[in-house]
Asks: 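Here it is: the structure, laid out below.
These values consider heavy atoms only, across backbone and side chains, with no hydrogens, waters or symmetry-generated copies.
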Amino acid sequence: MGGGGQQTDRIAGTNGRFGTYTWEEVQKHTKSGDQWIVVERKVYNVSQWVKRHPGGLRIIGHYAGEDATDAFHAFHPNIQLVRKYMKPLLIGELEASEPSQDRQKNGALVEDFRALRERLEAEGCFKTQPLFFILHLGHILLLEAIALMLLWYFGTGWINTAIVSVILATAQAGWLQHDFGHLSVFKNSRWDHLLHKFVIGHLKGASAGWWNHRHFQHHAKPNIFKKDPDVNMLNAFVVGNVQPVEYGVKKIKTLPYNHQHKYFFFTLSLPLSHLVSYYVRYFLCYTQFYSVLWAVLLFNIVRFMESHWFVWVTQMSHIPMDIDYEKHQDWLNMQLDATCNIEQSFFNDWFSGHLNFQIEHHLFPTMPRHNYWRAAPRVRALCDKYGVKYQEKGLYEAFVDIVRSLEKSGELWLDAYLNK
């Protein structure tokens, strides 16, 4: 019982012999090349599988030595298909005397959350309304067509160029690629992957593989240093209350972090373009009206507006929240600590691509976004039952909180840098 990861896996795969394990034994297997996870009390050796995992090797590694049941259900819309791939990885199960949750997690809360997910599935909250996404894609293509028609009829004057820039930025294909990337549109995930590559690649000019690698990690361990790439600021910012002090004590001063809430406004328009097809389409269309230089300028103006829009919307629910190292929380508490909602309105739903329901999106990432509003009251009731803070803000307050949070983190850094 226990033993080395590779040896136990070989025994289980050839002789059908399976062991029983304690949490203490499972938690010994967290290093690269020796990683076990637990799903529904069954123990799996994923040491080699991580290299072939479609979602990337890091996301599984983030759950090594832990109960990954809720993450498993959150990311896989076709559970039965995934189980077929898991069978050869099965090496045993938890001992009967062991709790289903590791590290003193609240078992009643975890079970109530799983029961909530089952109820939402039974009520059809994970079923897609195809017309919603067809109309969304149609409106993106329509806006791009309108932009070209305006240039065709009214020319490239300053006023018309400004109008075209706003129209192209408003197309905001980022929300739709997000839907496909989360496999929340089609029953067959192959179609989601295909449309995701089309929208993010040909309409946005970014890499689907790059997005998957980063974004799934973010959802698996939001706002957790060394696990969530979105809080890896490459020394451009310090965030939360812990990192600023660490940087200050270590005398790290790559940038004047006490002014980061000011230069934040000027660092949001970095291009994320990778695919040649995007550039070919763009320049074939717009060099019909502009010189290459002016077409490049138009591209950067549109990207500047898109980037600001996208970053403010995505970060208003995360940067002001708790950002720390791994605490090994249950799925509900982990997501609620790292996310908050923005008040619902027709404008907020449209403006944020329904990411004003960030809590529901993080708890149920494969749920179609047009159903978040149905899940929200149930989630809030569960949070109230267990004293978990369910935070909701106005849109303006959320934007202001980004700046306030960066300012506070900058002050913590400066104090530690000067005095510790």
Asks: Please list all pairs passing the ring-ring contact (aromatic ring centres under 6.0 Å, His included) test where one or both residues lie in residues 127-147, with sequence neighbours left out.
Replies: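 Pairs touching residues 127-147 that pass the test: F132-H354, F132-H370, F133-H370, H136-H139.
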Asks: Less than 4.0 angstrom from a charged side-chain N to a carboxylate O is my criterion; do R378 and E123 meet it?
Replies: yes
Asks: For residues C340 and E392, determine if any side-chain heavy atom of one lies less than 4.5 Å from a side-chain heavy atom of the other.
Replies: no
Asks: D179: what forms a side-chain hydrogen bond (donor to acceptor under 3.5 Å, both in side chains) with it, not counting sequence neighbours?
Replies: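 Counting only residues at least two positions away or on another chain, D179 forms a side-chain hydrogen bond (donor to acceptor under 3.5 Å, both in side chains) with R369.
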Asks: Run the numbers on H73 and E40 for side chain to side chain donor-acceptor pair (under 3.5 Å), then give the verdict.
Replies: CA-CA 10 Å; H73 283 276; E40 297 169 342; 2.8 Å; yes
Asks: List for me each residue that meets side-chain contact (heavy atoms from CB on, under 4.5 Å) alongside S189, sequence neighbours excluded, and say none if there are none.
Replies: L183, H193
Asks: Under the rule for side-chain hydrogen bond (donor to acceptor under 3.5 Å, both in side chains), what residues qualify as partners of R58, not counting sequence neighbours?
Replies: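 Expected list: none.
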Asks: Can you give me every donor-acceptor pair (side chain of residues 145-160, partner residue at least two apart or in another chain, under 3.5 Å) with its distance?
Replies:
residue : atom : partner : partner atom : Å
N160    : ND2  : L150    : O            : 3.1
N160    : ND2  : G155    : O            : 2.7

Asks: Is the closest side-chain donor-acceptor distance between Q177 and H196 under 3.5 Å?
Replies: yes
Asks: Could you verify whether a donor N or O on one side chain and an acceptor N or O on the other, from E246 and Y325, lie under 3.5 Å apart?
Replies: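 Judged by distance alone, the side chains do pair up.
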Asks: Looking only at side chains, do D337 and N223 share a donor and an acceptor under 3.5 Å apart?
Replies: no
Asks: Does the side chain of D322 come within less than 4.5 Å of K327's, by heavy atoms?
Replies: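 Side-chain contact under 4.5 Å: yes.
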Asks: Could you work out, with side-chain contact (heavy atoms from CB on, under 4.5 Å) as the rule, every residue matching Q288, not counting sequence neighbours?
Replies: none
Asks: Please name all residues satisfying side-chain contact (heavy atoms from CB on, under 4.5 Å) with A171, sequence neighbours left out, ordered by chain then number.
Replies: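 Partners of A171 under the side-chain contact (heavy atoms from CB on, under 4.5 Å) test: I140, L143.
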Asks: Tell me, please, which residues at least two apart from F347 pass side-chain contact (heavy atoms from CB on, under 4.5 Å).
Replies: S345, W350, F351, L395
Asks: In terms of the angle between their ring planes, are Y279 and F299 parallel, tilted or perpendicular, with boundaries placed at 30° and 60°?
Replies: tilted
Asks: May I have all residue pairs that pass side-chain hydrogen bond (donor to acceptor under 3.5 Å, both in side chains) and include part of residues 103-118, sequence neighbours excluded?
Replies: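 Those involving residues 103-118 are D67-R114, D70-R114, D102-K105, D112-K385, D112-Y386, R117-E121.
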Asks: In this structure, is the centre-to-centre distance between the rings of Y21 and W36 below 6.0 Å?
Replies: yes
Asks: Will you find, in the side chains of N348 and S352, an N or O donor that is under 3.5 Å from an N or O acceptor?
Replies: no
Asks: Taking only residues two or more places apart in sequence or in another chain, which ones pass side-chain hydrogen bond (donor to acceptor under 3.5 Å, both in side chains) with Q172?
Replies: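 Here no residue qualifies.
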Asks: In Å, rounded to the nearest 0.5 Å, how long is the span from CG of N371 to CZ of F357?
Replies: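 Reported to 0.5 Å precision, the distance equals 10.5 Å.
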Asks: Given side chains that start at C-beta, do those of H318 and H362 come closer than 4.5 Å, heavy atoms only?
Replies: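 A side-chain contact exists here, since the closest heavy-atom pair is under 4.5 Å.
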Asks: Is there a side-chain contact between Q80 and K84 in this structure, where contact means two heavy atoms from C-beta onward sitting under 4.5 Å apart?
Replies: no
Asks: Report yes if the side chains of R281 and E144 come closer than 4.5 Å at any heavy-atom pair, otherwise no.
Replies: yes
Asks: How about H261 and K408: do any of their side-chain heavy atoms sit closer than 4.5 Å?
Replies: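 Not touching, per the 4.5 Å side-chain cut-off.
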Asks: Looking only at heavy atoms, what is the nearest atom pair of A295 and Y290, with distance?
Replies: N-CB, 3.8 Å
Asks: Identify whether the distance between the nearest side-chain nitrogen and carboxylate oxygen of E326 and K221 falls below 4.0 Å.
Replies: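 Between K221 and E326 there is a salt bridge, with a charged N closer than 4.0 Å to a carboxylate O.
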Asks: Which class fits the ring pair Y372 and H361: parallel under 30°, tilted 30 to 60°, perpendicular over 60°?
Replies: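 Answer is tilted, since the angle falls between 30° and 60°.
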Asks: Please report the shortest heavy-atom distance between Q260 and L406, naming the atom on each side.
Replies: NE2-O, 2.8 Å
Asks: Any donor-acceptor pair under 3.5 Å linking the side-chain atoms of H215 with those of H178?
Replies: yes
Asks: How about V400 and E397: do any of their side-chain heavy atoms sit closer than 4.5 Å?
Replies: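 The answer is no; the side chains never approach within 4.5 Å.
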Asks: Output the distance between atom CG (L57) and atom OG (S47), rounded to the nearest 0.5 Å.
Replies: 12.0 Å
Asks: May I have all residue pairs that pass ring-ring contact (aromatic ring centres under 6.0 Å, His included) and include part of residues 396-420, sequence neighbours excluded?
Replies: Y257-W413, W312-F399, W413-Y417
Asks: For residues 229-242, dump all side-chain donor-acceptor pairs below 3.5 Å to protein atoms at least two apart in sequence or in another chain.
Replies:
residue : atom : partner : partner atom : Å
N232    : OD1  : L234    : N            : 3.4
N235    : OD1  : Y247    : OH           : 2.8

